[in-house]
Amino acid sequence: MKSAVIKNKTSHEVKGITGAEAVIRCLLAEGVDLVFGYPGGAIMPIYDELYKFQDQLHHVLTRHEQGAAHMAQGFARTSGKVGVAMATSGPGATNLVTGIADAQIDSTPMVCITGQVASHLLGTDAFQETDIIGISTPVTKWNCQITKASDIPSMLAKAFYIARSGRPGPVLIDITKDAQFETFDFQYEPCQGIRSYQPQTEIDPTAIAEAASLINAAQKPLIVWGQGVILGQAEEEFKAFVEKTQIPAAWTILGLSALPTSHPQNMGMVGMHGNYAPNLLTNECDLLIAVGMRFDDRVTGDLGTYAKQAKIIHLEIDPAEINKNVPVDLAVLGNCKSSLQQLLPLVSKKDLSPWYQRFEALKATEINKVINNDLYPTKPGLTMGEAIKVINKHSGGDAIIVTDVGQHQMVACRYAEFNQSKSNVTSGGLGTMGFALPAAIGAKMGAPNREVVAIIGDGGYQMTIQELGTIFQQQLAVKIVVLNNEFLGMVRQWQQLFFDKRYASTEMINPDFIKIAEAYRIPAKKVQNRTELDTAVGEMISCQGPYFLEVCVEKEDNVFPMIPSGASVSDIRLE
């Protein structure tokens with residue numbers, strides 16, 4: 001039995017149109033003006049209608065369907081809107097799945113539309129038929145297959161509502177080819193609610209009062225915030241809460257940029273390659289306040305030893321995350337924007353100077369043993385950290401930084417400077433190599449007036465390098481920095497530390513990246529010496545169009561601090 005869809009009175013009526021045209025009209029009714037995709041036989045009717053509406057709806061032709069999904073993600077992350085990707089049936093649809101899975105675990109609002117073989121061919125192993133509904137069910141917030149044109153408006157309205165409401169996520173709509181050709185009288189009404197779906201709960205005032213009491217009594221409190229602050233548009237409320245309580249705050253990788261990196265109460269990153277002080281002091285605090293984060297294993301390490309001495313308050317929109325990994329003493333369910341607004345008048349400021357002294361002492365240790373070596377190296381080879389430091393100098397902390405997955409990702413997140421929210425775009429939970437280049441394209445189109453710098457390793461870059469063609473065709477001013485150590489660096493680091501330096505299948509024999517960039521008419525430069533770095537980065541940032549910069553870094557540098565996999569946060573290593 002289908003869930004009842006609650007609609008408002010706004011409607012757009014057109015007589016006797018095809019299902020394909022209905023799809024385009026639904027997108028326009030939802031305010032969509034940008035779609036990423038790749039055409040094919042089963043979705044050709046929709047593309048034919050898209051051609052007719054191209055003055056209202058811009059389509060970005062990607063070079064691979066995976067790129068379309070990641071572009072939609074990047075667009076959603078910087079614009080705050082729902083990203084839209086389209087692909088044909090079979091391999092077109094399955095090529096979207098990696099990006100869909102990435103969006104699901106990182107709570108990115110996205111609607112994917114796939115074509116499907118005609119309904120009478122379903123289940124016959126027809127040409128380019130794949131059960132994309134079955135395949136995508138575990139990695140979507142919701143999905144459905146449409147076999148009748150008349151179902152298109154209500155299902156697409158429902159898709160956008162589900163994708164953007166509550167804890168956001170990806171939705172997939174699969175439309176058979178005959179439904180695209182079929183005609184009907186079109187009417188569109190945006191979805192305002194679904195009876196069986198409650199995207200967020202009312203905040204319990206008793207929980208708010210209890211949380212305030214715990215916060216006001218704490219002597220060594222610590223805030224750990226995640227992407228929920230950004231998704232909930234709660235940056236101002238969070239900043240006010242942090243400043244009123246004077247509690248030190250640390251971030252998960254997806255929470256980065258919600259609070260400026262220069263803020264005096266910003267203590268840095270928690271997790272496997274996070275900062276020394278907030279990781280160690282997680283196991284010393286007397287109160288842990290988790291705001292819009294999900295206690296991922298890369299943050300907690302060994303759950304048996306994680307913050308066992310502390311009371312834990314969890315501000316979270318998704319009930320499924322409460323007590324899923326870490327048992328908490330108090331859950332405050334709801335959008336953290338509202339939770340923080342209600343908490344703010346009840347909490348008080350107190351002197352936490354002795355507690356801050358612990359942070360400062362541990363920070364000084366990390367500066368001496370790790371940070372100085374990363375940012376001010378004495379060895380002849382370039383480090384990833386100094387490349388990020390020079391990018392900060394020329395961007396002024398105002399750029400959107402898009403990272404791939406690996407050592408460069410951890411270094412960039414540790415050292416990049418951010419002055420405003422929605423500035424850090426990365427693949428967090430799924431850890432998708434190949435994410436950064438297409439995501440940077442989407443990020444730039446979602447925030448066209450901001451500088452977008454993609455920082456990528458030489459391994460991940462080659463997974464989606466074909467999207468240089470999309471940058472060339474769209475003439476996008478995306479800046480690309482490949483930190484080239486000629487290794488799959490993060491895997492090599494683990495092989496060095498835990499597998500007796502057996503570098504099995506991790507050394508890269510790379511092509512001439514400069515010639516490849518130039519083949520796409522993208523200005524390019526290669527930096528091998530420290531003396532060249534500042535000038536090259538300055539030239540890249542000042543360039544009005546796209547730019548490719550290859551920075552050759554030390555081959556066997558490691559990223560520290562590091563918590564070995566499965567170890568306690570107290571076991572964090574500085575070398």
Side-chain angles (χ1 to χ4, degrees), residues 273 373-375 377 379-392 394-395 401-416 426-427 431-440 452-468 471 478-496 503-520 522-541 543 546-560:
H273 291 286
N373 292 331
D374 286 345
L375 302 185
K379 52 191 171 187
L382 285 164
T383 68
M384 294 184 181
E386 62 184 319
I388 305 303
K389 180 185 70 175
V390 176
I391 290 170
N392 289 335
H394 288 277
S395 70
I401 303 294
V402 185
T403 50
D404 212 77
V405 173
Q407 287 181 314
H408 70 278
Q409 177 191 33
M410 295 296 101
V411 172
C413 289
R414 282 175 53 80
Y415 297 124
T426 195
S427 172
T432 304
M433 291 179 68
F435 171 87
L437 186 60
V452 173
V453 181
I455 298 170
I456 318 176
D458 49 309
Y461 180 58
Q462 292 178 83
M463 287 192 171
T464 50
I465 195 171
Q466 67 273 8
E467 298 306 339
L468 290 174
I471 292 174
V478 174
K479 311 301 167 62
I480 305 157
V481 180
V482 168
L483 300 179
N484 184 3
N485 57 11
E486 298 180 342
F487 266 109
L488 299 176
M490 187 62 82
V491 183
R492 185 214 55 77
Q493 176 169 336
W494 282 49
Q495 289 172 332
Q496 177 184 335
Y503 295 158
S505 303
T506 47
E507 188 166 9
M508 303 285 289
I509 306 300
N510 290 320
D512 188 329
F513 291 130
I514 302 300
K515 287 182 178 179
I516 293 172
E518 289 175 343
Y520 287 100
I522 297 173
K525 181 168 286 188
K526 183 174 184 175
V527 171
Q528 295 176 288
N529 301 306
R530 186 166 289 121
T531 55
E532 306 168 327
L533 183 61
D534 186 78
T535 300
V537 172
E539 182 179 306
M540 176 186 73
I541 296 296
C543 180
Y547 195 99
F548 175 83
L549 180 64
E550 178 183 0
V551 181
C552 299
V553 297
E554 288 276 353
K555 289 187 67 171
E556 296 187 63
D557 260 0
N558 291 329
V559 182
F560 287 106

Does some side-chain heavy atom of [Y] sit less than 4.5 Å from a side-chain heavy atom of [X]?
X: Phe487; Y: Gln493; result: no
X: Tyr547; Y: Glu539; result: yes
X: Pro377; Y: Arg530; result: yes
X: Ile471; Y: Glu467; result: no
X: Met433; Y: Thr464; result: no
X: Ile391; Y: Ile455; result: yes

Results of salt bridge (charged side-chain N to carboxylate O under 4.0 Å, His left out) for Asp512 - residues two or more places apart only: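 Scan of Asp512 (salt bridge (charged side-chain N to carboxylate O under 4.0 Å, His left out), adjacent residues dropped) gives none.
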Apply salt bridge (charged side-chain N to carboxylate O under 4.0 Å, His left out) to Glu518 and list each qualifying residue two or more places apart in sequence or on a separate chain.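 Partners of Glu518 by the salt bridge (charged side-chain N to carboxylate O under 4.0 Å, His left out) criterion come out as none, since no residue qualifies.
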Evaluate the side chain to side chain contact (heavy atoms under 4.5 Å, CB included) criterion for residues His408 and Val559: first the C-alpha distance (whole Å), next the side-chain angles of each, then the deciding distance (0.1 Å), finally the verdict. CA-CA 9 Å; His408 70 278; Val559 182; over 6 Å; no
Side chain to side chain contact (heavy atoms under 4.5 Å, CB included) between Phe435 and Met463: does it pass, once the steps are laid out? CA-CA 9 Å; Phe435 171 87; Met463 287 192 171; over 6 Å; no
Walk me through it: do His273 and Met490 pass the test side chain to side chain contact (heavy atoms under 4.5 Å, CB included)? CA-CA 11 Å; His273 291 286; Met490 187 62 82; 3.7 Å; yes
Which one of Gln407, Lys555, Glu554 satisfies the side chain to side chain donor-acceptor pair (under 3.5 Å) criterion with Asn485?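 Answer to the side chain to side chain donor-acceptor pair (under 3.5 Å) test with Asn485 among Gln407, Lys555, Glu554: Gln407.
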Rounded to the nearest 0.5 Å, how far apart are [atom1] of [X] and [atom2] of [Y]?
X: Gln409; Y: Asp404; atom1: CD; atom2: CG; value: 7.5 Å
X: Thr383; Y: Lys389; atom1: OG1; atom2: NZ; value: 7.5 Å
X: Ile456; Y: Ile480; atom1: CD1; atom2: CD1; value: 6.0 Å
X: Leu382; Y: Leu483; atom1: CG; atom2: CG; value: 9.5 Å

Okay, side chain of [X], backbone of [Y]: is any donor-acceptor separation there less than 3.5 Å?
X: His394; Y: Asp534; result: yes
X: Gln495; Y: Ala504; result: yes
X: Lys479; Y: Cys543; result: yes

Please report the C-alpha distance between Ile541 and Val453 in whole Å, then the side-chain angles of each, then the deciding distance to 0.1 Å, and finally whether the side chain to side chain contact (heavy atoms under 4.5 Å, CB included) criterion is met. CA-CA 9 Å; Ile541 296 296; Val453 181; 4.1 Å; yes
Between Phe513 and Tyr461, ring centroids under 6.0 Å: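 Between Tyr461 and Phe513, which both carry aromatic rings, the centre distance is below 6.0 Å.
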Side-chain donor-acceptor contact under 3.5 Å, Asn510 with Gln462: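 Judged by distance alone, the side chains do pair up.
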What I want to check is whether the side chains of Tyr503 and Glu556 have a donor and an acceptor closer together than 3.5 Å.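 Tyr503 vs Glu556: donor-acceptor pair found between side chains.
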